[in-house]
Amino acid sequence: DMKVTQMPRYLIKRMGENVLLECGQDMSHETMYWYRQDPGLGLQLIYISYDVDSNSEGDIPKGYRVSRKKREHFSLILDSAKTNQTSVYFCASSPGPPSAETLYFGSGTRLTVL
Amino acid sequence: GDSVTQTEGPVTVSESESLIINCTYSATSIAYPNLFWYVRYPGEGLQLLLKVITAGQKGSSRGFEATYNKETTSFHLQKASVQESDSAVYYCALGDRDTNAYKVIFGKGTHLHVLP
């Protein structure tokens, strides 16, 4: 069963707290992504990972970092969360290097930073 | 930079009516980007609905169609007769190669409500 799993689905944190969003995929995909979506905006790429320990910044990396120690797991970390990081976060994966390939998405994590 | 503009939602139609969601794009790096429609059903992640990587071609899936028109830089999504189960958010997207890497740029999404 091809699946991208995100945990947790909903999360409420206070400003200044650390946040860990987890993502897993069971398809042995090389490439994984973190996006966020805010009301009235399209999905914005935060980070992309081409494989284990091979990560690159996306369009809006400030305030975030990522970790990929195993091919099937990709974590997004917010050190000292800010209220403007309230958003819906989507993890995705694709079989190989980004090209015309399909992205497979998780169901999203709705993060609220108070 | 690259951009995707699609119909502002929400869009409300009755079951069995026809549907068109407009999408136009601008790609700065390559002449013919890859074009996609993704759909997000309630409580689920985005999933690919259809994609077209060759200009002039048409993609289709689940009764939906979209034609890659390079003259008008458009990729409109159409369905002749919608069903209540088509209620979802639809995202147009393009894949383009920047100086360093390939990127997928998404539109804002169009929320479709189909009335029974």
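Residue numbering restarts at 1 for every chain, and letters A, B, ... go by the order of the sequence lines.
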Give the minimum heavy-atom separation between A:Asp59 and B:Lys103, together with the two atoms involved. OD1-NZ, 2.7 Å
For B:Lys108 and A:Gln37, work out which heavy atoms get closest and say how close. O-NE2, 3.3 Å
May I ask whether [X] and [Y] are part of the same hydrophobic cluster, defined by side-chain heavy atoms of I, L, V, M, F, W, Y residues being less than 4.5 angstrom apart, directly or through others?
X       : Y        : answer
A:Val66 : A:Ile48  : no
A:Ile46 : A:Val113 : yes
B:Leu48 : B:Tyr91  : yes
B:Val13 : B:Tyr90  : yes

Cut-off 4.5 Å, heavy atoms of chain A, and the answer for B:Leu46 is both
Does any backbone or side-chain atom of A:Gln6 lie under 4.5 Å from a heavy atom of chain B? Answer side chain, backbone, both or neither. neither
The interface call for A:Leu43 against chain B, heavy-atom contacts under 4.5 Å, is both
Among A:Tyr33, A:Tyr35, A:Phe90, exactly one meets ring pair (Phe, Tyr, Trp, His ring centres under 6.0 Å) together with B:Phe106. Which residue is that? A:Tyr35
Most heavy-atom pairs under 4.5 angstrom with chain A, which of B:Gly9, B:Gly43, B:Gly45? B:Gly45
With rounding to the nearest 0.5 Å, note down the distance linking CZ in A:Phe105 to CD in B:Glu44. 14.0 Å
